[in-house]
Amino acid sequence: MKIVDAKVIVCSPGRNFVTLKLITEDGIAGLGDATLNGRELSVASYLTDHIIPLLIGRDARRIEDTWQYLYKGAYWRRGPVTMSAIAAVDVALWDIKAKSLNVPLYQVLGGASRDAVMVYGHASGDDVEQTLGSFGHFLSLGYKAVRAQSGIPGLNSTYGISHGTMAYEPAEKNAPPENQWSTEHYLRHVPQFFARLRKEFGPEVHMLHDAHHRLTPIEAGRLGKELEPFHPFWLEDPTPAELQESFRLIRQHTTTPLAVGEVFDTIFDCQQLIQEQLIDYIRMTVVHAGGISHLRKIANLAEIYQVRTGSHGATDLSPVCMGAALHFDLSVHNFGIQEYMPHTPETNSVFPHAYTFRDGFMHPGDAPGIGVDIDEPLAAKYQYQTAYLPINRKLDGTMHSW
Ligand code: EZ4
Ligand code: CO
């Protein structure tokens, strides 16, 4: 089953997406997401200029060998651009494999380990009152788990607050927007905010929060400790995780569960975090972490240490990634939770899909393969637009992690 054609489709139905399409000699098409928010064209070039010429004529059935060929064969290992490109190939090959067997992808990944996949939505607001309203809205839609982010008094902008009806997921045309940061303001606000949420919505609903890499380990320890009475499901990205051992310090101070990994790209980014049991949820995604093949290895390592998955699922990952993630989530034993932000109607019309949401849970559907397609003529109507993620400065102008 030779690969005879391959193309990279860049489109922007509201935001930029990069999609790889592989076609076999039998006419089976497989899709893989290759979107890296704010750096989209680098992955498109990596695929078009360096990978596609190597794929033509290869046997589409040899998924693991192709993964190793692209990873080891590049000599230059790891990194988000390389790993997103490899992921796109890997997912497209899994899509082809399952389509050639006429089964949904989860059936070739060992079958379903559960009936459906619990997802969490994103509540946000400029202040606590608005966020409470948004949180209640998600509960009325059936969500059993909701992430809550609120504007912080004294700061003119912060991470995670949606404006208007659009789901929050930044990418600004032309130049990066600037956000403001103050750890003091943030730490004063969040525990009170969570106290209100828990009081308002009772003990059952899972409440999540994303600190978005902005605290030092000891500050994160303090936040985790102060949140304990309100038992959050997790505290996400409490501190930048390049230095994995810094999580030891957080662990010494709090039992609040920790979730990390949306910016990681290989198992080596989380090996110490997992093996020392410094985290509770690993948030790596199919698209940025080398595809289904590599993410399964990460999940298998995590399973031994009782770390569960909690894959990133923001709207800057395409529906192709969302579909692949749901097959992974349904099949892997140590699944924890899946992030879900619905895409816009334009995006959904470019990427028709079989996955469904019902009552707080999702299912990938039973269409052969991943169950996500791309409408190429429609995609061609939405041209790529230069876009950047925001940057973040402290009140005195110092650059900070966004
Ligand atoms: O900032 O996907 O948990 N979700 C997140 C996201 C990330 C974006 C970056 O492109 O942290 O909002
Ligand atoms: Co996050």
Side-chain angles (χ1 to χ4, degrees), residues 2-12 15-24 29-60 62-96 171 261-269 284-295 297-298 312 314 316-325 350-351 370 372 374 376 379-380 382-389:
K2 284 200 175 103
I3 300 168
V4 293
D5 196 11
K7 59 176 137 176
V8 176
I9 304 155
V10 180
C11 65
S12 194
R15 60 178 316 120
N16 294 323
F17 296 111
V18 180
T19 309
L20 174 70
K21 184 173 199 172
L22 300 182
I23 298 168
T24 69
L31 295 182
D33 182 21
T35 309
L36 186 61
N37 196 4
R39 294 291 185 271
E40 296 86 0
L41 298 184
S42 57
V43 188
S45 155
Y46 196 107
L47 285 166
T48 307
D49 299 329
H50 306 295
I51 285 190
I52 287 179
L54 304 175
L55 292 179
I56 306 302
R58 286 184 71 85
D59 185 344
R62 297 184 62 175
I63 302 178
E64 179 66 20
D65 182 66
T66 300
W67 194 97
Q68 299 293 346
Y69 178 76
L70 296 175
Y71 183 82
K72 295 193 162 76
Y75 184 64
W76 312 107
R77 295 185 184 199
R78 307 168 63 187
V81 175
T82 298
M83 297 311 292
S84 299
I86 294 176
V89 175
D90 184 77
V91 171
L93 292 180
W94 278 108
D95 193 21
I96 289 169
E262 66 185 43
V263 301
F264 295 173
D265 50 70
T266 70
I267 198 164
F268 303 104
D269 293 325
M284 294 167 74
T285 54
V286 172
V287 54
H288 300 142
I292 296 272
S293 298
H294 196 62
L295 200 58
K297 292 179 190 183
I298 293 164
H312 189 205
D316 54 284
L317 319 175
S318 93
V320 176
C321 179
M322 191 67 208
V350 170
F351 296 96
I370 297 171
V372 182
I374 184 164
E376 289 186 61
Y382 296 102
Q383 296 261 305
Y384 167 79
Q385 310 222 354
T386 304
Y388 289 92
L389 282 164

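Predicted model, so just to flag it, every value in this text is computed and none were measured. No hydrogens, no waters, no symmetry mates; every other heavy atom, side chains included, goes into these values.
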Is there any ring pair (Phe, Tyr, Trp, His ring centres under 6.0 Å) pair reaching into residues 65-90, and which pairs are they, with sequence neighbours excluded? W67-Y71, W67-H294
Can you tell me if R39 has over 12 outside heavy atoms packed within less than 6.0 Å of its CZ? no
Roughly how far, to the nearest 0.5 Å, is OG1 of T66 from CG of D59? 7.5 Å
To the nearest 0.5 angstrom, please state how far the NZ atom of K7 sits from the CD1 atom of I23. 5.5 Å
Spatial distance of atom NZ (K21) from atom CD (E376) [nearest 0.5 Å]: 4.0 Å
Taking atom OH of Y382 as the centre, report whether more than 12 heavy atoms of other residues, nucleotides or ligands fall under 6.0 Å from it. yes
Residue pair A34 / L47: nearest heavy atoms and the distance that separates them: CB-CD1, 3.7 Å
Would you find a donor on one side and an acceptor on the other, under 3.5 Å apart, between the side chain of D33 and the backbone of S318? yes
Take V91 and L31 through the side-chain contact (heavy atoms from CB on, under 4.5 Å) test and state the conclusion after the steps. CA-CA 7 Å; V91 171; L31 295 182; over 6 Å; no
So, for A29 and D95, which heavy atoms are closest and what is the spacing to 0.1 Å? O-OD2, 4.0 Å
State, with a plain yes or no, whether a side-chain heavy atom of I63 is found less than 4.5 Å away from one of I96. no
Separation of I52 CD1 from L20 CG (nearest 0.5 Å): 5.5 Å
Please determine whether side-chain contact (heavy atoms from CB on, under 4.5 Å) holds for the pair T35 and V43, giving the CA-CA distance in whole Å, both sets of side-chain angles, and the decisive distance to 0.1 Å. CA-CA 7 Å; T35 309; V43 188; over 6 Å; no
Here the gap from N16 atom CG to T386 atom OG1, rounded to the nearest 0.5 Å, amounts to 8.0 Å
Taking atom OH as the centre, does Y384 end up with more than 12 heavy-atom neighbours from other residues, nucleotides or ligands that are less than 6.0 angstrom away? yes
Quick one: side-chain hydrogen bond (donor to acceptor under 3.5 Å, both in side chains) partners of R77, sequence neighbours excluded? none
Would you name the heavy atoms of C11 and V350 that are closest together and state the gap between them? SG-CG1, 4.2 Å
Output yes when a side-chain donor or acceptor of S45 lies under 3.5 Å from a complementary backbone atom of L41, and no otherwise. no
G291 to A87 - nearest heavy-atom pair and separation: N-CB, 3.1 Å
Could you tell me which non-hydrogen atom of A92 sits nearest to which non-hydrogen atom of G32, and how far apart they are? CB-N, 3.9 Å
Indicate yes or no: at least one non-hydrogen side-chain atom of H288 is less than 4.5 angstrom from one of L36. yes
Quick check for you: to the nearest 0.5 Å, what is the distance between I3 atom CD1 and L55 atom CG? 5.0 Å
Take D269 and R78 through the test side-chain contact (heavy atoms from CB on, under 4.5 Å) and record every step on the way to the result. CA-CA 10 Å; D269 293 325; R78 307 168 63 187; 3.0 Å; yes
Taking all atoms of both residues into account, what is the closest heavy-atom pair of P319 and V372, and its distance? O-CG2, 3.5 Å
Going by the rule side-chain hydrogen bond (donor to acceptor under 3.5 Å, both in side chains), which residues pair with Q383 if we only count those two or more places apart in sequence or in a different chain? none
Among all residues two or more places apart in sequence or in another chain, which pass the ring-ring contact (aromatic ring centres under 6.0 Å, His included) test with F351? F17
Tell me, please, which residues at least two apart from K297 pass salt bridge (charged side-chain N to carboxylate O under 4.0 Å, His left out). E64
For the residue pair D65 and R58, establish whether any side-chain heavy-atom pair is separated by less than 4.5 Å. yes
D265 and V81: side-chain contact (heavy atoms from CB on, under 4.5 Å), yes or no, with the steps? CA-CA 9 Å; D265 50 70; V81 175; over 6 Å; no
Min side-chain heavy-atom separation N37-L389 under 4.5 Å: yes
Residues at least two apart in sequence or cross-chain that pass salt bridge (charged side-chain N to carboxylate O under 4.0 Å, His left out) with D5, listed by chain then number, are none
Any heavy-atom pair between the side chains of W94 and I370 that's under 4.5 Å? no
Does some side-chain heavy atom of L22 sit less than 4.5 Å from a side-chain heavy atom of L93? yes
